[in-house]
There are 2 protein chains.
Amino acid sequence: MDDTKLTVRAVERALDILSAFTDETELSLTEIAARTQLHKSTVHRLLASLEGKDFVTRNAETEKYRLGFRIWELAANLSQSDDPAIMLQPEMERLRDSLGETVSLYVRDGGERIRIQAVQSNQAIRRVAPIGARLPLNVGASSKVLIAFAESEVQKQVLEALEWSGAAEKQSFVRQMTEISRFGYATSVEEREPGAAAVAAPIFNRGHKLVAALAVSGPSNRFTVEKMKEHASQIIEAANRMGKMLK
Amino acid sequence: MDDTKLTVRAVERALDILSAFTDETELSLTEIAARTQLHKSTVHRLLASLEGKDFVTRNAETEKYRLGFRIWELAANLSQSDDPAIMLQPEMERLRDSLGETVSLYVRDGGERIRIQAVQSNQAIRRVAPIGARLPLNVGASSKVLIAFAESEVQKQVLEALEWSGAAEKQSFVRQMTEISRFGYATSVEEREPGAAAVAAPIFNRGHKLVAALAVSGPSNRFTVEKMKEHASQIIEAANRMGKMLK
DNA sequence: CCATGCGTTTCATTATATGAAACCGGGTTT
DNA sequence: AAACCCGGTTTCATATAATGAAACGCATGG
């Protein structure tokens, strides 16, 4: 076992303990021990350290542990961050590393969608589209998302833009939209570019307003429909997390 | 050196690193090392652990470290807490342990103030007042705070209630109010109870609305005017932190 | 009164965190 | 270019410090 550890086990364990509080707001020592698969004694010591630094406190009534005020302090100094494109980048990289495909971020600007951030897949064959690119809003997974979750007014506009096309087209369009808003994500296969496929999910800010679409895209032979469905929930989760960062 | 350590040093250090981000949103490894008085190598290992668990990430541009999304996750699950009296209790205990005096929390209800939470000094001689007690709004440090930082309408009401008293009284009252709102805290010595003194600071929620007054009180011989002034900033800080927890 | 469950403490044993020093890469200066 | 500096990263010998089994204290309640 020489897979050189460049991390500190005790710290990782302590952080696991903190992470346990994503599910529950209050946990007893033994509950924590159970969740983290650590021995009581260890958890106790770790909790003592966390409590000493005010990362957790005990509810004097229930004797259980909960997150301490230091988390607030950190979170406070955190939300005032600046450029969303930069803020969201780390999370996008996480997703890229997890799925191995290019991840992009789009916003809607009138009848266009603009690619405001991207982290490239590091695989040999990959989709490329420059940051800042202005793309049509009528094709592509992210476009659909940006429409399906937009205010109804925007949707009306888009529908009117379809004026020239047949009633069947319109109907299909409407059905697609309802489906997307139902499942929470959209897919596209070779819509804008031959050989390219993508999944996209909406990003809502803390005020529940649609602000962007998060898209994962790759070559359609590698990025099959099954794979896309398989990854959808993960992408949606990432989008949710990202949304929480935006006010 | 047998002062039994029931804490884990590595963890404490890691938490110190996290705490460093209360001041700055972005720090480089060496900056952190300087602040925490730890050796580069150690910081590096600790940061690797923190990064692995997504408590910090690196801004891909600047190569510097910043807080990771796990902090958001935690903070998110944190803010939905329920009863302010319970939420704020740990922070009040901190203050009590630091100053050694009884800490109370008051809200205004019409022409009264209500004590909604308290953590007692553990010293022999101590001020006592039961939770839920409804007290007059015209005397006491916390009363003054609850008036001085209230909407002007409330202040007008209180002033009208002083109708019967002389113009000099009124003027003195107004001057006191402006002073309090200027310095951010109020004091009282033997106003409501002989032998008792108190300092109070306002608690504003995240919407900058006055929601409560935080008071520290003790016997006036022990809790002198000098001591009160000395502790004022600490009390104000605690009140600020507590306010951040309330939406 | 004895079981049960939880938090806390002790303690020997060894894994494991530590920090000095060396290393690496990329800028900047000479 | 060579030399230098300055971040970040890795290595490695050392003893420090984290570990977990077990025991303890202390409630609660069967």
Side-chain angles (χ1 to χ4, degrees), chain A residues 1-21 24-68 89-90 93 97, chain B residues 1-21 24-68 89-90 93 97:
Chain A
M1 50 192 72
D2 65 323
D3 53 305
T4 43
K5 293 170 188 170
L6 19 64
T7 69
V8 179
R9 196 178 59 165
V11 171
E12 292 185 308
R13 289 175 164 186
L15 299 180
D16 284 340
I17 290 179
L18 280 182
S19 299
F21 289 93
E24 301 292 332
T25 53
E26 249 188 27
L27 290 168
S28 74
L29 189 149
T30 34
E31 285 170 336
I32 295 171
R35 284 173 188 248
T36 55
Q37 302 278 35
L38 297 172
H39 294 255
K40 283 198 304 179
S41 155
T42 305
V43 173
H44 181 262
R45 231 172 314 114
L46 261 22
L47 277 174
S49 312
L50 288 166
E51 190 178 10
K53 296 288 180 186
D54 293 307
F55 279 75
V56 303
T57 30
R58 324 189 65 169
N59 182 340
E61 280 194 280
T62 64
E63 287 278 289
K64 290 190 170 189
Y65 291 88
R66 51 167 57 197
L67 293 173
Q89 192 180 308
E93 282 168 354
D97 294 340
Chain B
M1 50 192 74
D2 65 325
D3 53 304
T4 43
K5 293 170 188 171
L6 21 62
T7 68
V8 179
R9 196 179 59 169
V11 171
E12 292 185 308
R13 289 176 164 184
L15 298 180
D16 285 339
I17 290 179
L18 280 182
S19 299
F21 288 94
E24 301 291 333
T25 53
E26 249 187 27
L27 290 169
S28 73
L29 188 149
T30 34
E31 284 171 338
I32 294 171
R35 282 174 189 247
T36 55
Q37 302 278 37
L38 297 172
H39 294 256
K40 282 198 304 178
S41 159
T42 305
V43 172
H44 181 262
R45 230 173 315 114
L46 261 22
L47 277 174
S49 312
L50 288 166
E51 191 178 8
K53 296 288 181 186
D54 292 307
F55 280 75
V56 303
T57 29
R58 325 190 66 168
N59 182 339
E61 281 193 279
T62 65
E63 287 279 289
K64 290 189 169 189
Y65 290 87
R66 50 169 58 197
L67 293 172
Q89 191 179 308
E93 282 169 354
D97 294 340

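Scope of the values below: all heavy atoms of this structure, side chains included, with no hydrogens, waters or symmetry mates. So you know, we letter chains A, B, ... as the sequences are listed, proteins then strands, and number each from 1.
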Quick test: give all pairs of protein nitrogen or oxygen and nucleotides 28-30 of chain D nitrogen or oxygen below 3.5 Å, distance rounded to 0.1 Å.
none

Indicate yes or no: at least one non-hydrogen side-chain atom of [X] is less than 4.5 angstrom from one of [Y].
X: B/F55; Y: B/L18; result: yes
X: A/T7; Y: A/V11; result: no
X: A/T36; Y: A/R13; result: no

Applying side-chain contact (heavy atoms from CB on, under 4.5 Å), name anything that partners A/E26, two or more places apart in sequence or on another chain.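 Scan of A/E26 (side-chain contact (heavy atoms from CB on, under 4.5 Å), adjacent residues dropped) gives A/N59, A/T62, A/K64, A/R66.
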As an exercise, state the distance from OG of A/S19 to CZ of A/R35, rounded to the nearest 0.5 Å.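 Going from OG on A/S19 over to CZ on A/R35, the span is 12.0 Å.
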Distance from A/H44 atom NE2 to A/L29 atom CG, nearest 0.5 Å?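 Reported to 0.5 Å precision, the distance equals 6.5 Å.
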Separation of [X] atom [atom1] from [N] atom [atom2], in whole Å?
X: A/E63; N: D/dC26; atom1: CD; atom2: P; result: 14 Å
X: A/E31; N: C/dG7; atom1: CD; atom2: P; result: 8 Å
X: A/I32; N: C/dT8; atom1: CD1; atom2: C1'; result: 15 Å
X: A/D16; N: D/dT19; atom1: CG; atom2: P; result: 12 Å
X: B/L50; N: D/dG8; atom1: CG; atom2: C1'; result: 17 Å
X: B/L6; N: C/dT10; atom1: CG; atom2: P; result: 8 Å
X: A/L47; N: C/dC6; atom1: CG; atom2: P; result: 15 Å

Side chain of B/E24, backbone of B/F21: donor and acceptor closer than 3.5 Å?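 Not a single qualifying donor-acceptor pair exists.
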Backbone N or O of A/L38 within a donor-acceptor pair of the A/T42 side chain at under 3.5 Å?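 Judged by distance alone, no pair lies under 3.5 Å.
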Apply the side chain to side chain contact (heavy atoms under 4.5 Å, CB included) test between A/L27 and each candidate in A/L67, A/V56, A/I32; give the one that qualifies.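 The option that passes is A/I32.
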State, to the nearest 10°, the angle formed by the axis through the first five base pairs of the helix from C/dC1-D/dG30 to C/dT30-D/dA1 and the axis through its last five.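 Overall, the helix from C/dC1-D/dG30 to C/dT30-D/dA1 bends by 30° from one end axis to the other.
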Quiz: residues 46-54 of chain B side-chain donor-acceptor pairs under 3.5 angstrom, not counting sequence neighbours:
unit_1, atom_1, unit_2, atom_2, d
B/S49, OG, A/V8, N, 2.7
B/S49, OG, B/R45, O, 3.0
B/K53, NZ, A/D16, OD1, 3.1
B/D54, OD2, A/R94, NH1, 2.6

Ignoring backbone atoms, test whether [X] places a side-chain nitrogen or oxygen under 4.0 Å from the OP1 or OP2 oxygen of [N].
X: B/R58; N: D/dT9; result: yes
X: A/H44; N: C/dG7; result: no
X: B/T30; N: D/dC6; result: no

Considering only side-chain heavy atoms of B/L29, which listed nucleotide, D/dT9, C/dT8, C/dC6, is closest?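 Among D/dT9, C/dT8, C/dC6, the one nearest the side chain of B/L29 is D/dT9.
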Strictly under 4.0 angstrom, non-hydrogen atoms only: write out the protein contact profile of nucleotides 18-28 of chain C, one letter per nucleotide from the 5' end, B, S or -. BBB--------
Residue mapping more 5' on DNA chain C - nearest nucleotide basis, A/Y65 or A/V11: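 Counting from the 5' end, the first nearest nucleotide belongs to A/Y65.
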